Structures are given as C-alpha cells and as structure tokens.
2 protein chains.
Amino acid sequence: MTAKNTPINPRKTPRQARSRATCDAILEAAARILERQGDEALTTNLVAEVAGVSIGSLYQYYPTKEAIMAELVRAMRQQMHDDMAAAARAAAGSGLEQEVDALVAATLRHHLRNPSLAHALEVAEERLPLDAETAALKQGMAKVVVGTLERNGIVDAPAIAFDLIAIGHGLADAATSAGERDFDCLQRRMRRAILGYLGSPQV
Amino acid sequence: MTAKNTPINPRKTPRQARSRATCDAILEAAARILERQGDEALTTNLVAEVAGVSIGSLYQYYPTKEAIMAELVRAMRQQMHDDMAAAARAAAGSGLEQEVDALVAATLRHHLRNPSLAHALEVAEERLPLDAETAALKQGMAKVVVGTLERNGIVDAPAIAFDLIAIGHGLADAATSAGERDFDCLQRRMRRAILGYLGSPQV
DNA sequence: GCATAATGTGAGCAAATACTTGCATCTGGC
DNA sequence: GCCAGATGCAAGTATTTGCTCACATTATGC
C-alpha cells in the first residue's frame, strides 16, 4: 500500500520495475507538449500517445490530468529550490552583491534552460490546488532569499524578499517571453534591479 | 457593411439599436465570469446565460469565443493606455520622480480596480493572436514610458522602459495575487523599485 | 513450469463545448 | 398599419475530452 487513495490531485505512483519507465515517459511527454504547444494542447490522450503508452496505463499512475501537471510543477520547484539553496550556501558570507549574483544566476539558469516550459508550468501552477509539498518548496525558496538578506543585515527581510522575488520573476518572464536568451545581459539587469531596490551604491 | 468578414478573431459588431445592449451584456457577463471563476469557466453557453441572451445572439456578434476575450483585452488596454497617457501628460515637466509617481499611480489604479479580472485578461492575452489594435495600444504604452525617460535625459530609454514595465508588472501582479490592496504601500514599493533601477538617490 | 500479481491495452462512454440553423419576434420608415 | 430587414431565440450537431473497464500480456516467487 503506497498511498493510492484520494483520487483527486495527489498521484498514485507505485513503482516496481518497468512501470517507472512508463511514469517517466508520461511526464516527459507532458513536458514536451507543454513546452511546444502550450497547455491548451495538453490532453491526456495526446500525452499517452506521445509517451508511447496507452491511456489506460496513464490513468493507472495519474488519476487525473491535473495530477500530471502537479507532478511536473513539483519537480520543477524541487530543482529550482535545490539550485537556489546550493547557490546561497556556496556564496554565503561573500557579501551581499556576490550572494545576490549567485541567486540571480540560479534563477536565470532555471528560466533559460527551457523558457517556454518554465513559463507554462508557472501559469499552470496558478490554477492548480498546489499540494503541500510544492507549497513547502516555494516557502523554502523564499526562506533562502530571506536568509541571504538577513545575513547581510537587511531589516524587514521577508517583505523585501517578496518584492525582490516578484521583481526578478517579472523581469525574467518578460525577457524570456520576448525571446531574450543572453544570460550575461539579463544577469546585469537583474542585478541592477535588485541592488537598486536594496539601495546599494550600484555598479 | 461594417467589417464583418474574416470569421476568426476580429469581431463583427454591427450596431443599430438594442443590439448594442446585447453586445454590452455579453462583454459584461464574460468579464464577470472571468473575474469570479477564471478562464476555465468561460464557455460561450455560460456567457450567453449570464448575459441573459441566447447563444444564437452571442454568435451573431462574436464569431468566436476568442473574439469575446480579444474585445475585453482590447478595451482593457485601451483604458490603461489612456490613463497612462493622461497621467504622463499631466505630470510632464515636473521632474523624473513626479512623473514616475504619476505613471505608477495609473498602473496601480488599473491593477487595483479589479485585480482578478486584470490578471485573467493578461493571462488570456498571452494566448490570443493579439490583433493589430491591441498591439498598437501596448506599443503606445511603452512609448509613454520611453517619452517620460527621455524627457528626463535618460539614455537607452527603450531598453530601460522594457525593464521598468516588466518590474512594475511583476510587482503589481505578485502583490495583488497575494491579496494586497493597499494603494499607498504598493506605490512606495513600486517607486523604490523603479527609482532604484534608475539609480536615483532614492527616498 | 506455473500460479499470481503487476502492468499494459484500447475500444468506448458520458459529459462538455463551440458553433449552426431554421424560425419567431421586434422595429422603424413609409 | 405594414412590411422588410434587423435582431433574438434555443434545440440540435459534430467534435473533443477526460476517464473506465474488461481483457491481454508480462514478470516473479516458488
């Protein structure tokens, strides 16, 4: 019994042998569709077809279309959280500007790795019930930023972290949506926006 | 003959007498549904029902569901554009900070008037073909910001305007999505973000 | 080898949805 | 008053979509 009830959005992914491959194929297919055709095209039948799996198999592991999306969102937040936490840890103590750079770089890497998928997942996340695990990951990311600010003596860190995340998100989203792919250029602008908000002397 | 071909997204809204009221009722119903239940709930049948109009009538004026959304988006961009242009005109020559404040206020008024509708329309806009008129309005808004920057001697104004709009959008979106409704508080933070990016001495 | 459980299959169902069509009703100019 | 065109109506169609179910295939412990 590996948690299989509540037929709503939590998935029931028991795994034994080849079934793992089936689950992965489903997730990868869903990601590809989301990336290339957007969430309007994401139908369970298409996902199954692209994954090379029958719909029956799909529904054996994901009780709902939303469960598939939720799993993709969770995986994305997990990776983003881990990247940010690692970046913050590596840069901890090197001073505000260096630490900001590290976090910005992690954020940009995330957005530039697969811009359209990242965007689609963020849009999708809005209308999903947002399971506890994903919510915890988002909170964790905010905590990372708060920690960085506090470590550098910035007061009212939670409120400021909120704004900085919003600003960074807005910039990255607008730029990637416009087709920008230049990491260094975006890095400079993010830095300018964040340090500017913080009132640093700037570069 | 009042432009009625191209059955795709441009609407065919001939108006004579009571038909105007029908069109308005349809748009208002669509806005209410979008605002309260999100775009997933926006079906043509529901729109007609809420508008107190038959689906036949709906399709007489809007050839497509997308046409209704496009019209709502166009109207919203129109209002936003006019507000921003008026604000910029009124504050022109009063110095960078005052002019920024005026533009920020116009933006915030827009977002706070009906946060969920504004957000839904912006999300909807992304996947719509974006007709020429709406595109022109968006360009016009960018021009307003560019003009304000140039008037105050800021170089590379178009690129900076792009970033400032992205930043403002990100902040307003995150805050309203989180339920914030305090105009003054948001105004201060927007100001801080924008003037910070511009490298002004800050408040 | 074989019984048993795990996994895979895909035709098909019920509901929803965008949209059409044929007809009824209203309205304004004469 | 009357009629031609404008407007309104809603049952109905064709399609799509999420999902089920009855059965086939495969893997594994013994």
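Computed over heavy atoms, backbone and side chain alike; hydrogens, waters and symmetry mates excluded. In what follows, chains are A, B, ... by sequence order, proteins preceding strands, each numbered from 1. Bear in mind the structure is a predicted one, so any value in this text is a computation, not a measurement.
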Between [atom2] on [N] and [atom1] on [X], what's the gap in Å once rounded to a whole number?
| X | N | atom1 | atom2 | answer |
| --- | --- | --- | --- | --- |
| B:M69 | C:dA18 | CE | P | 10 Å |
| A:Y62 | D:dT17 | OH | P | 21 Å |
| A:R20 | C:dG8 | CZ | C1' | 16 Å |
| A:E40 | D:dT16 | CD | C1' | 13 Å |
| B:L58 | C:dT21 | CG | P | 16 Å |
| A:E49 | D:dG18 | CD | C1' | 16 Å |
| B:E66 | C:dC19 | CD | P | 6 Å |

Side chain of [X] only, heavy atoms from C-beta on: which candidate in [options] is closest?
| X | options | value |
| --- | --- | --- |
| B:T64 | C:dC19, C:dT9, D:dC19 | C:dC19 |
| B:K65 | C:dG8, C:dA18, D:dG8 | C:dA18 |
| A:S19 | D:dG18, D:dT7, C:dG8 | C:dG8 |
| B:T44 | D:dT17, C:dC19, C:dT27 | C:dC19 |
| A:Y59 | C:dG8, C:dT17, D:dG18 | D:dG18 |
| A:Y61 | C:dG8, D:dG8, C:dC19 | C:dG8 |
| B:Q60 | D:dT7, C:dC19, C:dT9 | D:dT7 |
| A:I55 | D:dC19, C:dT17, D:dG8 | D:dC19 |

Salt bridge flag under 4.0 Å for residues [X] and [Y]:
| X | Y | value |
| --- | --- | --- |
| B:E66 | B:R127 | no |
| B:E35 | B:R32 | no |
| A:D184 | A:R188 | no |

Once salt bridge (Lys or Arg N to Asp or Glu O under 4.0 Å) is applied, do any residues pair with A:R113, and if so which ones, sequence neighbours excluded?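 Partners of A:R113 under the salt bridge (Lys or Arg N to Asp or Glu O under 4.0 Å) test: A:D83.
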Considering non-hydrogen atoms only, spot the tightest contact between A:P158 and A:V146 and give its length.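 Closest pair (atom of A:P158, atom of A:V146, distance): CA-CG2, 3.8 Å.
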What's A:L42 touching, base or sugar-phosphate or nothing? Going by heavy atoms closer than 4.0 Å.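 Since only primed, P, OP1 and OP2 atoms lie under 4.0 Å of A:L42, the category is sugar-phosphate.
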Quick one: is A:S54 getting a side-chain N or O under 4.0 Å of the C:dT9 phosphate, OP1 or OP2?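 For A:S54, the contact criterion (side-chain N or O under 4.0 Å from OP1 or OP2 of C:dT9) is met.
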Examine C:dA16: is either OP1 or OP2 under 4.0 Å from a nitrogen or oxygen in the side chain of B:T43? Give yes or no.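 No.
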Nearest heavy atom decides the nucleotide; on that basis, is A:G52 or B:N45 closer to the 5' end of DNA chain C?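 On the 5' side of the pair lies A:G52.
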